[in-house]
Amino acid sequence: MHYGTALINPTSPADVAAAAADAADRGLDTFWTNQNPGSWDPLMLLASLGRRPAEVGTAILATYPRHPVTTATEALTFQAAAGGGLALGVGPSHAWYVQDQLGLPYTSPLRHTREYLTVLRPLLHGEPVRHTGEFFTVDTRLDITAPAPSLLMSALGPRMLEVAYDLADGVVVTWITPEMIAEHIAPHTAPGARIVAQLITLLSPDPDAARAAVAEQLAAIGQMPAYRASLGRAGLDNPADTIVIGDETTITDALKRYQDAGVTDLVVSPLNERSRTLDLTAKA
């Protein structure tokens, strides 16, 4: 299993650069950032990095605001300019962002995602695309010589996992436990596919009190349809139920449980004690 880290809600590009350099210094395999509504562009941030691990990734880049040809162009430009090493994680995001904030129709995320990857994947591999569908009409090719990035997709439910099985190199998932990986994710991924899982941690001498406090903060996330359905399948009520909270032994034990569940790439995202937690990860 490969180990990496991500920075949750960075306040500046300098924070991302410092975290990526720290990940490289620790010998971690990957570094990730995501697309927070109203915040920094993840591909631009990753392209600007100096010292970083061999692979950097987006987890995730929202599909609705970006045409798949634009995404392919930006990803291959990154590969050519930065010498490769991109894991391109994409996904439909959520209606409250796409529809409510951007004013774009959030029509059938399942069909939209399948069609998006149908256009995106061949372009990443240097192939021409001639496609007429429900959401996109494309007749083009990209004259960019660069290796295709690893194409990952956010997928938690069975139908989205089918899309990832058919059209992606793996999945990227969050708010998830080892049991959810073993029972709901790994059995529905293609042989050899990557399972990139974010593990959120919190070092605390009082796990029950810490979880109750975090649960209150995360209640709104737990009401988003994709997360609510995923948590419901596992009999959980709140994203806080997926966070590993406790001492160092609790965290190191969790690393092993995620590996045993089938995770290929674990992205450790500490809510506190970042350096202390990543020390444990680097020794795993």
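Every heavy atom of this structure was used, including side-chain atoms; hydrogens, water molecules and symmetry mates were not.
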Once you round to the nearest 0.5 Å, how far does CD1 of I251 lie from OG1 of T201?
-> 4.5 Å
Would a hydrophobic clustering, with Ile, Leu, Val, Met, Phe, Trp and Tyr connected at side-chain separations under 4.5 Å, put I245 with V267?
-> no
Looking at the rings of Y165 and H188, which for Trp means the six-membered one, are their centres under 6.0 Å apart?
-> no
Side-chain heavy-atom pair Y3, L255 within 4.5 angstrom cut-off | yes
Side chains of S154 and P92 in contact at under 4.5 Å (non-hydrogen atoms) | yes
Answer yes if V172 and Y97 sit in the same cluster of Ile, Leu, Val, Met, Phe, Trp and Tyr residues linked by side chain heavy atoms under 4.5 Å apart, and no otherwise.
-> no
Exam field: side chain T5 to backbone V268, donor-acceptor pair closer than 3.5 Å = yes
Can you tell me if D247 and T250 form a side-chain donor-acceptor pair at under 3.5 Å?
-> yes
Are any non-hydrogen side-chain atoms of T113 and M153 less than 4.5 angstrom apart?
-> yes
Do N238 side-chain atoms and D241 backbone N/O form a donor-acceptor pair below 3.5 Å?
-> no
Please check if the side chain of S204 supplies one atom and the backbone of D206 the other of a donor-acceptor pair under 3.5 Å.
-> yes
OG1 of T71 to CZ of R66, rounded to nearest 0.5 Å, is 5.5 Å
Can you tell me how far the CE atom of M1 sits from the OG1 atom of T264, to the nearest 0.5 Å?
-> 9.0 Å
State, with a plain yes or no, whether a side-chain heavy atom of L161 is found less than 4.5 Å away from one of V171.
-> yes
Where do D139 and V129 land on the side-chain contact (heavy atoms from CB on, under 4.5 Å) test, with the steps shown first?
-> CA-CA 6 Å; D139 185 1; V129 170; over 6 Å; no
Determine yes or no for a side-chain-to-main-chain donor-acceptor pair under 3.5 angstrom, with T58 supplying the side chain and P42 the backbone.
-> no
Quick one: do E179 and R257 make a salt bridge, cutoff under 4.0 Å?
-> yes
So do the side chains of D260 and K256 get within less than 4.5 Å of each other, counting heavy atoms only?
-> yes
Is a donor on one side and an acceptor on the other found under 3.5 Å between the side chain of R228 and the backbone of G222?
-> no
By ring pair (Phe, Tyr, Trp, His ring centres under 6.0 Å) - contacts of Y64 (at least two apart) = Y106, H112
Which distance, rounded to the nearest 0.5 Å, do you find between the CG of D22 and the CZ of F31?
-> 9.5 Å
Please check if the side chain of R52 supplies one atom and the backbone of A54 the other of a donor-acceptor pair under 3.5 Å.
-> yes
Chi angles and distances behind the salt bridge (Lys or Arg N to Asp or Glu O under 4.0 Å) call for R276, E248 = CA-CA 9 Å; R276 186 173 156 202; E248 286 92 339; 2.7 Å; yes
Distance, nearest 0.5 Å, that separates CG of L203 from CG of L271 = 10.0 Å
Test item: R51 side-chain N/O and A20 main-chain N/O as donor-acceptor pair under 3.5 Å | no
Sub-3.5 Å donor-acceptor pair from the side chain of Q79 to the main-chain atoms of G85, do we have one?
-> yes
Polar side-chain atom of N34 near backbone of N36 as donor-acceptor pair, under 3.5 Å = no
For atom CZ of R233, decide whether the heavy atoms of other residues, nucleotides or ligands shown that lie under 6.0 angstrom number more than 12.
-> yes
Any side-chain heavy atom of P178 within less than 4.5 Å of one from I181?
-> no
If every non-hydrogen atom of L117 is compared with every non-hydrogen atom of A168, which pair is closest and at what distance?
-> CD2-CB, 4.1 Å
Under a 4.5 Å cut-off applied to non-hydrogen side-chain atoms, are I185 and M180 in contact?
-> no
Indicate yes or no for a side-chain donor-acceptor contact from H94 to the backbone of W96 under 3.5 Å, with no hydrogens or angles considered.
-> no
Find the distance between CG (L167) and CG (L120) and round it off to the nearest 0.5 Å.
-> 9.5 Å
Min side-chain heavy-atom separation L231-D237 under 4.5 Å | no
Run the side-chain contact (heavy atoms from CB on, under 4.5 Å) check on L152 and V90 step by step: do they pass?
-> CA-CA 6 Å; L152 307 171; V90 301; over 6 Å; no
Are any of the side-chain nitrogens in R194 or E55 under 4.0 Å away from the carboxylate oxygens of its partner?
-> yes
Is the closest basic N to carboxylate O distance between R111 and E134 below 4.0 Å?
-> yes
Between L199 and L266, does a side-chain contact (heavy atoms from CB on, under 4.5 Å) hold up when you go through it step by step?
-> CA-CA 7 Å; L199 165 61; L266 192 63; 3.9 Å; yes
Verify the cluster assignment for L278 and I200: are they in a single hydrophobic cluster under the rule of side-chain heavy atoms below 4.5 Å apart?
-> yes
Charged N-O contact under 4.0 Å between R114 and E162 = no
